[in-house]
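The shown structure was predicted, so the numbers you read here are calculated from the model rather than taken from an experiment. FYI, side chains are in, hydrogens and waters are out, and symmetry mates aren't considered; it's all heavy atoms of this structure. We count ligands from 1, going down the list as the structure has it; atoms in each ligand are counted the same way.
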Amino acid sequence: MRKLLLTTTAIAFAVGAAAPAMAEFNSRNIRVSNGINQDHPVGNGIKAMQACLDDKSGGKLKLTAFWGGALGGDLQATQALRSGVQEAVVTSSSPLVGLIPSLGVFDLPFLFANDKEADAVMDGAFGDMMNKKLEEQGLVNLAYWENGFRNLSNSKHAVNKWEDFSGLKVRVMQNNIFLDTFQNLGANATPMAFGEVFSALETNAIDAQENPYVTIDTSKFYEVQKYITETNHAYTPFLFLFSKPIFDSYTPEEQTALRECAVIGRDEERKVIRELNQKSLEKIKAAGLEVNSLSPEEQARIREKSMVVYEKHKAEIGADVVDAVLADLKKIRGQ
Ligand code: TK8
């Protein structure tokens with residue numbers, strides 16, 4: 001009798017130990033929309049994230065990525081997340097500024113000098129502070145991925161100095177800070193969703209756009225542009241956003257797996273995008289575009305001229321937010 005009881009207990013224990021481990025993960029289909037195309041390094045990041053999720057969830061958590069704006073643009077997808085009808089989006093922070101003004105901090109011209117500074121700010125306390133603001137708007141930022149340093153391309157003429165911006169019809173993201181940055185340089189800035197950029201360039205509705213080399217390559221903007229200038233005028237992050245209403249309905253184990261695997265995906269995506277940057281530039285050159293860079297003097301001049309944008313937008317972003325990032329950068333730079 002005693003032996004039987006012990007055996008039963010042992011079985012019950014074994015089953016008991018195994019059962020919750022299975023129940024911790026449910027089968028989930030997680031739709032992730034992207035404006036960029038699958039051959040962008042975000043594709044590599046999503047693959048690495050999926051391998052990590054397979055491992056942690058025994059294949060239960062599945063990402064299904066949609067590319068090239070197939071599920072709608074960044075803003076539209078973000079609204080779908082907030083209302084709980086779509087799980088996830090990889091988007092630039094910039095089009096979301098209408099929703100969360102403090103995110104505009106990442107759009108300030110020439111804020112970061114290199115990717116190390118950007119990583120330190122995003123992955124540290126400042127990034128966490130911005131994540132809280134996103135949560136208040138129904139968005140869980142799983143991690144900061146890289147979009148990268150932005151450069152100007154156009155179909156009109158070489159841009160070597162700030163006067164060359166004059167009259168260029170430049171598409172900017174739907175964001176007042178980018179709008180002001182380019183207007184202040186004399187350009188005719190037009191806010192537009194990413195999905196409309198290729199055809200607007202193709203039909204000459206606009207002359208110019210600005211994005212990292214990898215995007216100019218993978219979204220094939222080089223097919224409809226003639227000149228590029230390495231301006232490095234802004235670094236914008238990608239946010240890997242999850243719908244908060246949906247995230248809150250997941251088990252703690254599912255939530256932890258998603259957060260941890262988004263970081264694994266981030267590391268892979270950052271590694272690949274940094275390797276690809278130069279290769280993308282070579283490809284753009286090989287396609288026949290004229291590539292220019294600004295002289296250090298001209299870079300300094302444009303930077304100096306752009307500082308009025310900080311003053312103009314400080315209150316709207318939040319003085320505390322702007323001061324916090326500048327203080328962080330001082331520390332990182334050892335000043
Ligand atoms: C992709 C966008 C894009 C961004 C832009 O969906 O809009 O120019 O840089 O890469 O988020």
Side-chain angles (χ1 to χ4, degrees), residues 31-46 65-81 86 88-100 103-104 106-109 111-112 115 118 122 134 139 141 143-154 169-179 181-182 187 189-201 206-222 224-225 228 231-241 266 269-270 272-273 276-277 280 284:
R31 290 161 297 174
V32 189
S33 66
N34 296 273
I36 31 102
N37 293 326
Q38 187 161 12
D39 56 346
H40 187 285
V42 166
N44 303 71
I46 287 191
F66 294 84
W67 303 99
L71 284 190
D74 289 337
L75 251 182
Q76 205 182 327
T78 303
Q79 294 296 10
L81 261 58
Q86 183 182 314
V89 62
V90 177
T91 175
S92 287
S93 53
S94 316
L96 275 45
V97 162
L99 199 62
I100 303 154
L103 277 183
F106 296 130
D107 301 314
L108 289 170
L111 181 69
F112 299 121
D115 46 28
M122 311 281 167
L134 283 155
L139 301 162
N141 182 28
Y144 293 90
W145 290 25
E146 176 156 294
N147 188 353
F149 282 96
R150 307 180 74 90
N151 296 310
L152 181 78
S153 73
N154 84 91
K169 202 160 183 202
V170 184
R171 173 268 175 171
V172 292
M173 292 185 278
Q174 302 112 300
N175 176 309
N176 280 337
I177 299 170
F178 270 96
L179 189 74
T181 301
F182 281 87
T190 313
M192 188 183 286
F194 183 73
E196 292 162 37
V197 177
F198 186 92
S199 62
L201 290 172
I206 50 170
D207 308 318
Q209 68 83 43
E210 46 79 50
N211 254 298
Y213 289 141
V214 174
T215 299
I216 295 172
D217 167 12
T218 58
S219 289
K220 306 217 178 316
F221 293 160
Y222 62 81
V224 287
Q225 295 283 265
I228 294 211
T231 46
N232 282 328
H233 55 274
Y235 174 104
T236 51
F238 273 140
L239 310 176
F240 199 117
L241 296 179
R266 173 197 76 193
E269 192 259 352
R270 282 182 183 166
V272 177
I273 201 169
L276 191 62
N277 206 36
S280 284
I284 292 164

Determine whether D39 and T218 satisfy the following criterion, side chain to side chain donor-acceptor pair (under 3.5 Å), listing intermediate values before the conclusion. CA-CA 6 Å; D39 56 346; T218 58; 4.6 Å; no

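- With a 4.0 Å cut-off on non-hydrogen atoms, R171 touches ligand 1 through its side chain and not its backbone.
- No donor-acceptor distance shorter than 3.5 angstrom exists from the side chain of R171 to the backbone of T190, with no hydrogens or angles considered.
- Distances from ligand 1 to the non-hydrogen atoms of Q209 include no value under 4.0 Å.
- Ring pair F106/Y144 is perpendicular by interplanar angle, where above 60° counts as perpendicular and below 30° as parallel.
- Each of Q209, E210, H233 was scored for a side chain to side chain donor-acceptor pair (under 3.5 Å) with R150, with one residue passing: E210.
- Under the ring pair (Phe, Tyr, Trp, His ring centres under 6.0 Å) criterion, F221 pairs with F194, not counting sequence neighbours.
- Applying the salt bridge (charged side-chain N to carboxylate O under 4.0 Å, His left out) rule to D217 yields the partners K283; only residues at least two apart in sequence or on another chain are considered.
- Where the criterion is an N or O separation shorter than 3.5 Å, residue side chain and backbone included, R150 meets it with respect to ligand 1.
- Of all protein heavy atoms, the one lying nearest to atom 9 (O) of ligand 1 is N211 OD1, 2.7 Å.
- Annotation: atom 3 (C) of ligand 1 to nearest protein heavy atom, F194 CD1, 3.6 Å.
- For ligand 1, the atoms sitting less than 4.0 Å from at least one non-hydrogen atom of F238 are 10 (O), 11 (O), numbered in the order shown with element in parentheses.
- Which parts of ligand 1 touch G35 is read off a 4.0 Å heavy-atom cut-off, strictly below it: atoms 1 (C), 6 (O).
- Residue S92 has at least one N or O atom closer than 3.5 Å to an N or O atom of ligand 1.
- Looking at N147 against ligand 1, only its side chain comes within 4.0 Å, counting heavy atoms.
- In terms of protein heavy-atom proximity, atom 2 (C) of ligand 1 is nearest to D74 OD2, 3.3 Å.
- Interatomic distance, CZ of F149 versus OH of Y213, reported as 12.5 Å (0.5 Å rounding).
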